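Working notes, structure below.
This one's a predicted model, so the numbers in the text were calculated from it and none came from an experiment. Reckoned from all heavy atoms, side chains included, excluding hydrogens, waters and symmetry mates. In each ligand, atom 1 is the first atom listed, and ligand 1 is the first ligand listed.
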Amino acid sequence: DDRLPPASHTMFPKGFKFGASTAAYQVEGGWNADGKGPSIWDDYLHKHPDFIKNRNNGDVADDSYHLYKDDVKAIKEIGFQTYRFSISWPRVLPTGRTNQVNQPGIDYYMNVIDELLANGIEPVVALYHWDLPVPLQDIGGWLNPDIADLFTEYADLMFKTYGDKVKWWITINEAQSVAGGYGGGNAAPALNLHGTGDYLAGHNLLRAHGKAYRMYQQKYSHQGGKISMAFCGAPCFPTTQSPEDIAAADRCFQFSFGWFAHPVLRGDYPPIMREYIDRNSKAEGRNVSRLPYFTDEEIREINGTVDWFGLNYYTAYWGKEGAVGANPSTDRDSNVNKYFDPNWPSTASSWLKVIPQGLRLALQKLRQEYGNIPIIVTENGYPDNGDKDEKRIGYFETHLAEIRAAIYEDGINVTGYCLWSIIDNFEWRDGYTVKFGLVEVDFDSPNKTRTLKKSAYWFQNYMAMHKLIQ
Ligand code: GBH
């Protein structure tokens with residue numbers, strides 16, 4: 001069949017790694033076990049249970065705090081080479097500060113890492129997947145510039161403790177989503193400082209990342225680890241090929257991925273963000289821009305601080321010119337009207353339509369903007385209500401085909417893929433109603449019984465078939 005690509009192109013390149021992801025608050029439970037301090041998610045959901053479907057929270061979740069060996073067993077059985085998880089900052093530092101270290105928390109992650117390594121699975125570790133220690137939120141959280149030093153002290157302890165065993169680090173998962181917790185109200189701390197708090201939080205997230213990276217270079221470069229952030233965004237296809245629509249699609253990229261990627265790869269914010277936000281701020285009668293300025297020293301510190309590019313991809317949009325969204329807000333500042341194609345399949349998550357071509361679009365755009373940096377897809381997955389596992393298989397199959405096309409037809413340096421998620425877990429505002437896992441969890445059973453889904457067996461087979469024999 002001449003429509004098929006050459007046989008080798010159905011394979012992944014030598015060294016390509018497959019993995020699966022989770023995040024601490026979504027799977028661990030043990031919210032106050034053995035000296036763990038509360039995070040902003042513990043605190044917010046205890047105070048505002050109606051924030052989440054069925055008033056659920058992550059107090060127990062998958063109980064991976066006690067059952068992590070079951071998770072590793074599934075990862076091993078399916079055949080993944082890597083496991084991406086996150087460390088809960090308040091589990092190791094209950095006050096957020098290094099003057100009080102919680103030894104059982106330290107031991108927990110050491111056990112997880114040892115269990116992975118004993119099973120031949122490489123850890124990919126995120127330091128921040130949204131669960132800030134409450135005492136740090138009490139001083140303003142990511143709005144307080146001091147957070148950069150506090151994060152760096154925490155990162156230092158993590159590198160010192162685990163860095164001999166962990167070679168792949170993510171400082172911050174989806175800085176854009178973290179900033180959203182200050183700007184949009186959809187995530188803890190659920191502040192609604194749209195168009196101001198989000199930019200300020202984003203600014204300090206970048207400062208924190210830059211400082212932590214430089215500290216690693218200075219103190220731990222002998223460990224030979226590789227550091228990134230996990231970037232998120234949904235790229236836009238231009239509605240037409242008109243210059244206006246093409247420019248709008250570019251702004252869609254710059255205001256999402258570019259917001260954090262441009263500073264760490266090119267120094268400073270994307271020029272178009274600077275221009276639009278400064279102009280809007282002025283028009284609003286402000287004498288300072290809502291988008292903070294870096295000092296020259298900060299730009300030098302932040303520029304060049306990712307060794308690889310972590311890409312979380314789920315969905316895409318059509319885009320055209322248009323000021324929509326709250327006033328002010330990042331959406332409105334971008335002057336892009338983003339919308340879903342009615343033909344793209346819906347899923348259990350209203351924000352996620354299935355459009356695999358968007359993954360290749362994102363990869364192409366990343367290469368165009370940032371050159372041939374190695375890219376690892378750090379998240380990609382399909383949500384259902386426990387009823388559409390076949391569709392999950394289709395989602396993976398089509399997205400992985402786009403990755404192969406990006407590698408072989410576009411020459412893009414994609415070196416790995418971590419799906420979301422190994423296991424059904426606490427899906428933030430959707431609670432336990434929306435499931436992304438390859439492994440089903442009986443949340444009503446005392447031992448949170450784990451059962452591999454069809455998609456897990458499909459993935460097992462897929463990796464065996466499509467990985468070049470090495
Ligand atoms: C990722 O975020 C997260 O890293 C991960 O923890 C999560 O489980 C996974 O995706 C699946 O959701 O409430 O309608 O305003 C993906 C990006 C950003 C998508 C926030 C949902 C809120 C949509 N997410 N967004 S809405």
Self-check item: Residue, atom name and distance, where the atom is the protein heavy atom closest to atom 26 (S) of ligand 1
Solution: Asn186 ND2, 3.7 Å

Show me, pair by pair, the donor-acceptor contacts under 3.5 angstrom made by side chains of residues 322-331, not counting sequence neighbours?
| from | atom 1 | to | atom 2 | distance (Å) |
| --- | --- | --- | --- | --- |
| Ser329 | OG | Ala326 | O | 2.6 |
| Ser329 | OG | Arg332 | N | 3.1 |

Quiz item: Can the ring centroids of Trp89 and Phe151 be said to lie less than 6.0 angstrom from one another?
Solution: yes

Quiz item: Quick one: are the ring centres of Trp169 and Phe159 less than 6.0 Å apart?
Solution: yes

Quiz item: How about Phe396 and Phe459: are their ring centres within less than 6.0 Å of each other?
Solution: yes

Exercise. Check whether any N or O atom of Arg429, backbone or side chain, sits under 3.5 Å from an N or O atom of ligand 1, and answer yes or no.
Key: no

Quiz prompt | Close approach, Ser177 and ligand 1, non-hydrogen under 4.0 angstrom | solution = yes

Practice problem: Look only at the side chain of Arg367 and the backbone of Asp410, and say whether a donor-acceptor pair between them is shorter than 3.5 Å. | Solution: yes

Quiz item: Taking both backbone and side-chain atoms of Trp351, is any N or O found less than 3.5 Å from an N or O belonging to ligand 1?
Solution: no

Quiz prompt | Protein contact for atom 12 (O) of ligand 1 (heavy atom, distance under 4.0 Å) | solution = yes

Practice problem: Can you pull out the closest protein heavy atom to atom 9 (C) of ligand 1? Residue, atom name and distance to 0.1 Å, please. | Solution: Tyr314 OH, 3.3 Å

Practice problem: Verify whether the ring centers belonging to Tyr68 and Phe85 lie closer than 6.0 Å. | Solution: no

Exercise. Identify which one of Phe253, Trp259, Tyr276, Phe255 satisfies the side-chain contact (heavy atoms from CB on, under 4.5 Å) criterion when paired with Ser334.
Key: Phe255

Quiz prompt | Contact (N/O only, under 3.5 Å) between Ser350 and ligand 1 | solution = no

Practice problem: Run the ring-centre check on Trp31 versus Tyr65 and record whether the distance is less than 6.0 Å. | Solution: no

Quiz prompt | Part of Glu427 within contact of ligand 1 (heavy atoms, under 4.0 Å) | solution = side chain

Exercise. Report the part of Asn425 in contact with ligand 1, treating N, CA, C, O as backbone and CB onward as side chain, heavy atoms under 4.0 Å; options are side chain, backbone, both, neither.
Key: neither

Self-check item: Sub-4.0 Å atoms of ligand 1 with respect to non-hydrogen atoms of Gln26
Solution: 5 (C), 6 (O), 7 (C), 8 (O)

Practice problem: For atom 24 (N) of ligand 1, find the nearest protein heavy atom and state the residue, atom name and distance (0.1 Å precision). | Solution: Glu174 OE1, 4.1 Å

Quiz item: Between His129 and ligand 1, which part of the residue brings a heavy atom under 4.0 Å of the ligand: side chain, backbone, both or neither?
Solution: side chain

Quiz item: For the rings on Phe294 and His203, is their centre-to-centre separation under 6.0 Å?
Solution: yes

Quiz item: Can you check whether Glu379 has an N/O within less than 3.5 Å of an N/O in ligand 1?
Solution: yes

Quiz item: Between Phe436 and Tyr382, does the ring centre distance come in under 6.0 Å?
Solution: no

Practice problem: Give the atoms of ligand 1, by number and element, whose distance to some non-hydrogen atom of Asn173 is under 4.0 Å. | Solution: 4 (O)

Practice problem: For atom 22 (C) of ligand 1, state whether the nearest protein heavy atom is under 4.0 Å away. | Solution: no

